[in-house]
Amino acid sequence: MPRLVVVSNRVADPRKPSAGGLAVALGEALQAMGGLWFGWSGHLTDAGARGRLHVQHAGPVTLATVDLSPEDHAGYYLGYSNGVLWPVFHDRLDLADFDAGFVGAYRRVNAAMARQLQPLLRPDDMVWVHDYHLIPLAFELRALGCGQRIGFFLHIPMPPPLLLAAIPQAEWLVRCLCAYDLVGFQSQTDLLHFGRYIVAEVGAEPLGGQRWRAFGRQVEAGSFPIGIDVDEFAALTHATEARDMHERMRREYQGRKVLLGVERLDYSKGLPQRIKAFAKLLRKHPEHLRRATLIQIVSPSREDLDSYTDLRQELESLCGAINGDFGELDWMPVRYIHRNVARRRLPGLYRLARVALVTPLRDGMNLVAKEFIAAQDPADPGVLVLSRFAGAAEQLRDALLVNPYDTDGLADTIEQALQMPLHERQRRHQKLLERIREQDVHWWRRSFLQALAATRPHEAGLLPLLA
Ligand code: GDG
């Protein structure tokens with residue numbers, strides 16, 4: 001069996017309880033196949049990615065990390081990754097900073113990471129690179145002579161061709177994607193966008209079966225919707241911390257219906273639209289006054305970027321306004337919490353909620369939607385209100401799908417969710433649970449790695465790509 005090498009911007013010790021579901025799932029694959037996990041250490045030092053390699057052993061898994069210099073962190077991470085690629089890939093051209101010259105740092109860091117990684121690779125390794133921070137990594141590895149199978153998974157959406165084309169380096173980015181043997185997306189829509197771009201904009205030749213010849217080599221793509229570990233999440237739901245949380249909150253909110261939102265603070269998540277829709281609901285249906293509460297957990301994220309601080313202010317002012325307009329001394333419509341909630345407690349909150357509001361304006365997949373389903377009591381489940389613009393909407397057709405830009409429509413759908421009879425809640429939940437079980441995180445990992453293993457090595461195609 002080949003050794004697995006996972007590369008991602010951040011590396012987490014899969015044995016630590018703080019590791020998220022993805023870290024655990026990738027860690028599991030690494031443990032089973034024996035492997036190496038490579039990425040940024042999370043530390044800033046002057047030598048940065050060109051400095052010392054840190055190697056740590058976590059059971060059969062080797063964690064190898066490099067630091068970043070403060071300049072590279074500003075240009076590669078905050079600048080190009082989160083100030084250009086993230087907004088454009090989430091359809092927000094207006095927030096992208098194309099003129100700041102961040103691409104130099106992005107390229108430099110990817111090249112430096114490739115130089116650090118290349119000597120660690122064995123000829124029959126399978127390399128799996130994750131996410132938009134590292135698009136050029138395979139290109140840089142190929143330039144150093146690496147002929148291994150290299151796959152890439154994009155966790156965020158692939159924008160439509162004409163949006164992608166707005167990035168001044170769009171063609172270079174796509175050329176870099178074509179240096180991989182397999183490019184994985186979250187949804188069929190993303191896959192379609194990629195296929196259209198490479199045919200229409202770079203003249204790739206379709207070879208059938210999601211394969212193309214582009215830049216003188218063959219690239220394959222596929223849709224591999226990421227899932228969660230349903231059993232692990234169900235177990236967390238029944239563990240003491242989640243149960244305590246559930247019990248405490250149940251007493252606190254007795255006689256009231258809880259609506260819940262949980263996400264990182266991000267403009268892609270549709271937070272202001274959601275608060276406005278909730279205000280509209282209270283205006284249209286005053287019977288919910290004192291009877292419904294929206295708990296909105298927003299975990300702090302990317303606080304060094306202006307677009308994120310602006311959003312935080314907007315949210316605080318919206319929540320202040322709705323609480324001021326509708327609140328009573330003994331009831332507030334919105335409980336807004338700008339803090340991280342411990343992972344082990346989250347399922348308790350999910351289980352308390354009658355309605356989960358997962359209404360991003362754009363999202364690669366959205367794991368919160370799946371976690372909410374996994375945490376429900378099948379005998380008395382809550383209702384999932386899900387944006388049609390989340391990758392998860394392709395799989396979760398039995399949720400109440402909404403257009404988050406349509407405030408009136410969203411308010412009406414929240415009302416429908418609040419009024420949904422028990423038998424319909426049970427029926428929808430059962431189907432949703434089946435879906436997230438069929439395509440869970442283990443399925444995701446297996447299907448991607450099987451598809452990568454089935455690609456042929458393309459050394460012959462290497463030279464034209466680099467020409
Ligand atoms: C990217 C893509 C794609 C949230 N708040 C807290 C907390 N969380 C956890 C959730 C969930 C995770 O963070 C968020 O995952 P999402 O998928 O919803 O969103 P992104 O962070 O934007 O993730 C996304 C994903 O990658 C995977 O491919 O689905 O589309 O954007 O697990 O539970 N966890 C804790 N406290 C919080 O307050 N502990």
Side-chain angles (χ1 to χ4, degrees), residues 6 8-10 12 16-26 81-82 85-87 89-92 128-134 152-159 184-187 189-190 223-230 232-233 236-237 241-242 245 260-271 295-302 308 311 335-351 353 356-375 384 386-387 389-396 436 439-441 443-445 448:
V6 170
S8 56
N9 179 55
R10 291 301 299 273
K16 287 205 174 136
S18 57
L22 181 60
V24 172
L26 290 174
S81 299
N82 287 318
L85 297 180
W86 179 274
F89 281 45
H90 288 88
D91 303 352
R92 290 298 301 269
W128 191 5
V129 180
H130 290 263
D131 234 0
Y132 58 103
H133 317 85
L134 298 170
F152 178 79
F153 186 78
L154 185 68
H155 288 257
I156 64 175
M158 185 70 188
F185 297 101
Q186 298 272 28
S187 70
T189 307
D190 297 326
S223 158
F224 304 90
I226 195 169
I228 62 163
D229 185 333
V230 179
E232 183 241 11
F233 214 80
L236 270 188
T237 307
E241 275 159 287
M245 179 77 169
L260 178 68
V262 177
E263 44 259 297
R264 284 183 306 102
L265 179 72
D266 199 290
Y267 48 77
S268 64
K269 302 291 183 186
L271 289 157
I295 301 180
Q296 180 61 61
I297 314 277
V298 178
S299 64
S301 178
R302 302 177 196 165
Y308 288 74
L311 174 66
R335 286 261 174 120
Y336 168 82
I337 294 152
H338 181 251
R339 213 174 312 124
N340 208 54
V341 172
R343 180 170 170 77
R344 301 187 65 83
R345 290 182 166 196
L346 266 184
L349 269 182
Y350 286 142
R351 209 170 164 98
L357 298 177
V358 181
T359 55
L361 305 178
R362 197 76 186 95
D363 217 327
M365 174 53 58
N366 196 294
L367 295 179
V368 169
K370 297 184 173 183
E371 293 169 356
F372 173 75
I373 297 165
L384 176 62
L386 177 64
S387 164
F389 305 125
E394 270 186 15
Q395 295 172 296
L396 305 180
I436 63 166
Q439 298 189 329
D440 68 356
V441 72
W443 169 89
W444 169 73
R445 167 173 49 73
F448 185 91

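When a ligand or atom number is given, it counts from 1 through the structure's own listing order. Predicted model, so just to flag it, every value in this text is computed and none were measured. When reading the values below, keep in mind they use all heavy atoms of this one structure, side chains included, and skip hydrogens, waters and symmetry mates.
Qualifying side chain to side chain contact (heavy atoms under 4.5 Å, CB included) partners for Asn9, counting only residues two or more places apart in sequence or in other chains: Trp40, Tyr76, Tyr77, His133. For Asp91, the side chain to side chain contact (heavy atoms under 4.5 Å, CB included) partners are Pro159, Pro160, Leu163, Arg362, not counting sequence neighbours.
From Gln186, atom CD reaches atom CG of Asp363 across 8.5 Å, with rounding to the nearest 0.5 Å.
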Inset, instruction - Kindly determine whether Val262 and Val341 satisfy side chain to side chain contact (heavy atoms under 4.5 Å, CB included), including the steps that lead there. - result: CA-CA 9 Å; Val262 177; Val341 172; over 6 Å; no
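Under 4.0 Å from ligand 1, heavy atoms of Asn340 appear from its side chain as well as its backbone. Within the 4.0 Å heavy-atom criterion, the part of Lys269 lying near ligand 1 is the side chain and not the backbone. Neither the backbone nor the side chain of Trp444 comes within contact range of ligand 1; no heavy atom lies under 4.0 Å. Contact annotation: for Phe372 versus ligand 1, there are no heavy atoms closer than 4.0 Å. By the criterion of a heavy-atom distance under 4.0 Å, both the backbone and the side chain of Asn366 are placed next to ligand 1. With a 4.0 Å heavy-atom cut-off, ligand 1 is reached by the side chain of Leu346 but not by its N, CA, C or O.
Taking the side chain as every heavy atom from C-beta outward, Leu361 and Tyr267 never approach each other to under 4.5 Å.
Backbone and side-chain nitrogen or oxygen atoms of Trp86 are examined, and none is located within less than 3.5 angstrom of a nitrogen or oxygen of ligand 1.
For atom 22 (O) of ligand 1, the choice among Met365, Arg264, Arg362, Lys370 with the nearest heavy atom turns out to be Arg264. With distances taken over non-hydrogen atoms, the option nearest atom 5 (N) of ligand 1 out of Val368, Ile337, Val262 is Val262.
Close contacts between ligand 1 and Gly364 involve ligand atoms 30 (O) [criterion: under 4.0 Å to a heavy atom].
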